[in-house]
Amino acid sequence: MEANRSQGGIQQLLAAEQDAQQIVNAARNAKMARLKQAKEEAEKEVAEYRSHMEAAFQNKVAASSGDSGANVKRLEHETEAKMSNLKIEASRISYDVVQMLLKQVTTVKN
């Protein structure tokens, strides 16, 4: 009878050990699932932050490029205006310059 009782005790211990192993495995699996979920959430947050920062960067680039384009157009208009003024001024005094040159070339000095 003593053998049956010790045999039953061993069976109970084995069953308890199996139950404990199942509990440990379940806890380990739950921990791994939570770590995987946390990693996915972190990757999602990083992707959102990255896209937000990329959009902000693109807005800054677009804004600075827009200013650059406006500056280029402004400079082009200023250059055209200055060239126009120079052409008008040159055409206004070109006759006088030609006359002065002809006078200098045709005048003989001793």
Side-chain angles (χ1 to χ4, degrees):
M1 187 146 154
E2 182 86 18
N4 279 342
R5 192 189 284 174
S6 67
Q7 187 77 8
I10 292 174
Q11 290 298 325
Q12 283 181 335
L13 285 175
L14 288 174
E17 186 179 347
Q18 286 179 351
D19 289 343
Q21 188 65 38
Q22 288 176 352
I23 291 170
V24 168
N25 286 339
R28 186 176 294 137
N29 289 339
K31 179 182 176 183
M32 294 301 290
R34 179 61 188 129
L35 286 174
K36 184 177 178 181
Q37 180 185 4
K39 181 180 177 183
E40 289 171 355
E41 289 174 3
E43 287 174 350
K44 181 180 175 185
E45 285 183 28
V46 167
E48 288 175 3
Y49 180 75
R50 181 175 285 136
S51 67
H52 173 72
M53 294 306 290
E54 181 68 24
F57 174 73
Q58 292 300 331
N59 287 340
K60 281 188 176 185
V61 168
S64 66
S65 294
D67 291 344
S68 176
N71 288 336
V72 168
K73 286 184 179 182
R74 180 183 54 82
L75 289 173
E76 285 177 353
H77 289 299
E78 288 178 7
T79 303
E80 288 176 15
K82 287 179 181 179
M83 287 176 53
S84 174
N85 287 340
L86 286 174
K87 286 179 182 178
I88 290 170
E89 195 64 27
S91 65
R92 187 179 65 81
I93 63 171
S94 66
Y95 179 76
D96 294 335
V97 171
V98 169
Q99 292 304 317
M100 182 177 59
L101 286 173
L102 284 175
K103 182 179 178 186
Q104 292 296 323
V105 170
T106 58
T107 304
V108 179
K109 291 188 178 180
N110 291 359

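If you're wondering where the values come from, they're calculated on a predicted model, not measured in any experiment.
Counting heavy atoms from C-beta on, the side chains of Leu14 and Gln18 never come closer than 4.5 Å. The side-chain heavy atoms of Gln58 and Glu54, taken from C-beta on, include a pair separated by under 4.5 Å. Between Arg74 and Glu78, the closest side-chain pair of non-hydrogen atoms falls below 4.5 Å.
Contact detail for Leu102 and Thr106: the closest heavy-atom pair is O-OG1, 2.6 Å. Looking at every heavy atom in both residues, Ser91 comes nearest to Ser94 through O-OG, 3.3 Å.
Between Val46 and the options Glu43, Arg50, Lys44, a side chain to side chain contact (heavy atoms under 4.5 Å, CB included) holds for only Arg50.
The line from CD of Glu89 to NZ of Lys82 is 15.0 Å long, rounded to the nearest 0.5 Å. Atom CZ of Arg92 is separated from atom CD1 of Ile88 by 10.5 Å, given to the nearest 0.5 angstrom. Taken from NZ in Lys73 to CG in Leu75, the straight-line distance is 13.0 Å, to the nearest 0.5 Å.
A side-chain N or O of Gln37 and one of Glu41 form a donor-acceptor pair less than 3.5 Å apart.
Within the 3.5 Å criterion, the main-chain N or O of Glu80 finds no donor-acceptor partner in the side chain of Ser84.
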(request) Apply side chain to side chain contact (heavy atoms under 4.5 Å, CB included) to the pair Glu17 and Gln21, showing each step before the final yes or no. (result) CA-CA 6 Å; Glu17 186 179 347; Gln21 188 65 38; 5.6 Å; no
